[in-house]
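Here is the structure we will look at, set down as structure tokens.
First listed ligand is number 1; within each ligand, the first listed atom is number 1. All figures in this text were calculated on a predicted structure; none of them were measured in a lab.
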Amino acid sequence: MDYLPFTRPSIDEETIAGVAEVLRSGWITSGPCVKQLEQELSQYFGGRPVRAMSSATGALEIALALAGVQAGDEVITTPLSWVATANVIVRAGARPVFVDVDAITRNIDLERMEAAITPRTRALLPVDMAGLPVDRDRLYDIARRRGPRVIEDAAQSMGASWGGRRIGSFGDLVAISFHANKNITTAEGGCLVTSDAAETDLCTRLRLQGVVRLPDGGQEVDVAGGKHNLTDVAARIGLGQLKQLEAFTARRRLLVQRYFERFDADSGCELPLADYANCNWHMFQVLLPLDRMRIDRGGFIQAMHQRGIGVGVHYPAMHLFKLYRRLGYNPGDFPQAERIGGTTVTLPLFPAMTEADVDRVCAAVAEIIRDNKS
Ligand SMILES: *Cc1c(COP(=O)(O)O)cnc(C)c1O
């Protein structure tokens, strides 16, 4: 049987031909395709300004700069995310203040988040795990009452919504990723949605060396920008992907419905929250009943691999990494994040999968757990 990876991008022939055209055009870095992608993204986000980036990590770094995050500031975030989320805070010279996640949504616990706000809190940086949005009503209510800026790490949220509104079409600063594994891709890439014209202008400068082109052909620089621009080659992939976003999301929802139907309810696994209205189903993650198994997570992943099925781990709790231990965090600090981070596995989910693939994954998981009961 064919190997089933945990994810795989779907790039159609029209997009491949379009990329070839860009490569033959003589202009392969930021140019007309980036402009067009930004226009189409802006349209998708209800007319808000959008700047394409070479990664969501770059978008988050710029968002932190726009929010004025400096050395000595605190930024509140979740311990359960891709480590980029916390690394960008450290790289800005600020302190990542972790608060535990909610057991059901696996997203930052907003009550704990509010309790962690201090006079030094410059920004709130929540993550929509697996594309399940953090409660935006409560989030922005807290931000309005307490003052900090919001930087949405919506890296996984393209195509998700909250209360019928697209993620990215409202809110403060929103960073989205187009990494190869995300719901739409540019291979590597991302974007930052901004709201204010002055910040958008600063964002444009921070993206590429701070350079402003003058009418007389000269240049001016008054801020040390970085190098975060997207190439036209990548943007052309994005243009092809954006056309398919709705179909991709619909397909993911159908496959997830199949997972919920076919998953062995007696396996002891904890399934994700079945939110079909808001979630874009970036991933389908289950928590393994490891305390009732004779094998550890590595053994489970190996057994799945032997059956030709790829499994991911998203993510180990970040505060347990050496870097964050050095900042004073310890095992036991965030019990939910540690429990989820220690038992989570990401099962295959991508638009080109079939219903039969889902059935095959469900059968393999049930069999491995049954054969390895302790
Ligand atoms: C993918 C991801 C990022 C980083 O995105 P890149 O485009 O790879 O830089 C940041 N945060 C989360 C939650 C992600 O999933």
Side-chain angles (χ1 to χ4, degrees), residues 6-9 34 37 41 50-65 75-92 96 98-99 101-102 105-108 123-134 139 150-160 167-168 171 173-193 203 206-207 226-231 233-235 237-238 241-242 252 272 279-285 312-319 321 324 337 340-341 344 346 349-350:
F6 81 83
T7 190
R8 186 168 61 206
V34 168
L37 180 63
L41 286 170
V50 180
R51 290 296 175 266
M53 301 284 167
S54 53
S55 70
T57 305
L60 287 168
E61 287 188 354
I62 291 178
L64 287 163
V75 177
I76 304 179
T77 194
T78 167
L80 200 63
S81 182
W82 173 229
V83 71
T85 305
N87 282 353
V88 293
I89 300 169
V90 174
R91 289 171 61 80
F98 295 121
V99 301
V101 297
D102 176 84
T105 63
R106 305 170 186 172
N107 284 330
I108 192 165
L124 309 172
L125 207 169
V127 175
D128 302 325
M129 176 61 87
L132 175 69
V134 167
L139 172 66
V150 176
I151 300 169
E152 298 181 21
D153 181 342
Q156 303 181 3
S157 318
M158 192 67 189
I167 296 302
L173 297 160
V174 185
I176 290 175
S177 175
F178 305 137
H179 174 266
N181 288 354
K182 301 301 198 301
N183 287 27
I184 63 167
T185 184
T186 57
E188 298 282 358
C191 68
L192 183 66
V193 187
C203 171
L206 288 172
R207 178 173 61 176
K227 174 75 169 140
H228 301 292
N229 57 305
L230 190 70
T231 70
V233 177
I237 304 173
Q241 290 274 292
L242 192 52
R252 284 173 180 274
C279 190
N280 67 1
W281 295 106
H282 170 56
M283 295 187 277
F284 187 79
Q285 297 160 304
V313 172
H314 306 93
Y315 301 92
M318 294 186 286
H319 68 287
F321 291 144
Y324 295 96
I340 296 166
T344 189
T346 304
L349 180 63
F350 53 90

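Heavy-atom contacts of Val127 reach the following atoms of ligand 1: 13 (C) (cutoff under 4.0 Å). Residue Tyr315 has at least one heavy-atom neighbour below 4.0 Å for each of these atoms of ligand 1: 15 (O). Every atom of ligand 1 is numbered from 1 in the order shown, and the set under 4.0 Å from a heavy atom of Gly189 is 7 (O). Those atoms of ligand 1 that come under 4.0 Å of a heavy atom in Ser81, given as number and element, are 13 (C).
Ranking protein heavy atoms by distance to atom 7 (O) of ligand 1, first place goes to Ser177 OG, 2.7 Å. The protein non-hydrogen atom at the shortest distance from atom 3 (C) of ligand 1 is Trp82 CD1, 3.5 Å. Counting only heavy atoms of the protein, atom 11 (N) of ligand 1 lies nearest to Asp153 OD2, 2.8 Å. The single protein non-hydrogen atom nearest to atom 9 (O) of ligand 1 is Thr57 OG1, 2.5 Å, given as residue, atom name and distance. Among protein heavy atoms, the minimum distance from atom 15 (O) of ligand 1 is reached at Gln156 NE2, 2.8 Å.
Side-chain contact check for Tyr324 versus Val90: some heavy-atom pair is nearer than 4.5 Å. When side chains are defined from C-beta on, Trp82 does not count as touching His179, because their heavy atoms never get closer than 4.5 Å. Side-chain contact check for Thr78 versus Asn107: every heavy-atom pair is 4.5 Å or farther apart. Residues Val99 and Ile108 meet the side-chain proximity criterion, which asks for heavy atoms closer than 4.5 Å. Side-chain contact between Leu132 and Arg106 is absent, with no heavy atoms from C-beta onward closer than 4.5 Å. Contact check for Leu80 versus Ile340: side-chain heavy atoms found under the 4.5 Å cut-off.
In terms of heavy-atom proximity, Phe178 sits nearest to Thr185 at O-OG1, 2.8 Å.
Formation of a donor-acceptor pair under 3.5 Å by the Arg252 side chain with backbone atoms of Asn183 is not found in this model.
Not a single N or O atom of His179, backbone or side chain, sits closer than 3.5 Å to an N or O atom of ligand 1. Below 3.5 Å of separation, one finds an N or O of Ala56 facing an N or O of ligand 1.
Contacts between Ser55 and ligand 1 below 4.0 angstrom, taking non-hydrogen atoms only, involve backbone and side chain alike. Residue-level proximity to ligand 1 for Ala155 is carried by the side chain, the only part with a heavy atom below 4.0 angstrom.
Separating the CE atom in Met158 from the SG atom in Cys191 is a distance of 6.5 Å, to the nearest 0.5 Å.
Selection from Met129, Met53, Lys182 by nearest heavy atom to atom 2 (C) of ligand 1 gives Lys182.
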